[in-house]
Amino acid sequence: MTDADANLLPLRDWLTAEDSLRGRVGLLRPTPEPGHMGAVVDVLVVALGSGGTGAVLARSLTTWLSQRRADVKVTITDASGRRVSVDVRRARDVEAVVREIGALVDPPTE
């Protein structure tokens, strides 16, 4: 199991325990390159919609990250391609995740 698998699989299980996110979380497995046995899981996809799912995701990620004892990088990309990446060093800055996710899923209106 890779480091990505070791973090993504438990995160997927954690997020799918949230009623608002159930059925919206999945693993994206890239097509294996020729000569390779299979693809490594390196992307967790969460489909956000209306009704506060972005806030649920931010809150749930904050809780999950606060329980981690390793460095974790979270990258979130929305449908338009806007991307937010947050490096969390041993979960010392989990509030940064909430701020960054909030800015992506609920951008300020101009």
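Heads up: numbering here begins at 1 and tracks the sequence. The shown structure was predicted, so the numbers you read here are calculated from the model rather than taken from an experiment. Only this structure's heavy atoms are used, side chains among them; waters, hydrogens and symmetry mates stay out.
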Main-chain N/O of Trp14 paired with Trp64 side-chain donor or acceptor, under 3.5 Å: no

Steps toward side-chain contact (heavy atoms from CB on, under 4.5 Å) verdict (Thr16, Leu21): CA-CA 6 Å; Thr16 56; Leu21 298 176; over 6 Å; no

Min side-chain heavy-atom separation Val25-Leu11 under 4.5 Å: no

Close side-chain approach of Val45 and Leu27, heavy atoms under 4.5 Å: no

4.5 Å side-chain heavy-atom contact, Leu15 and Leu44: yes

Pairs satisfying salt bridge (charged side-chain N to carboxylate O under 4.0 Å, His left out), at least one member in residues 8-19, at least two apart: Asp19-Arg22

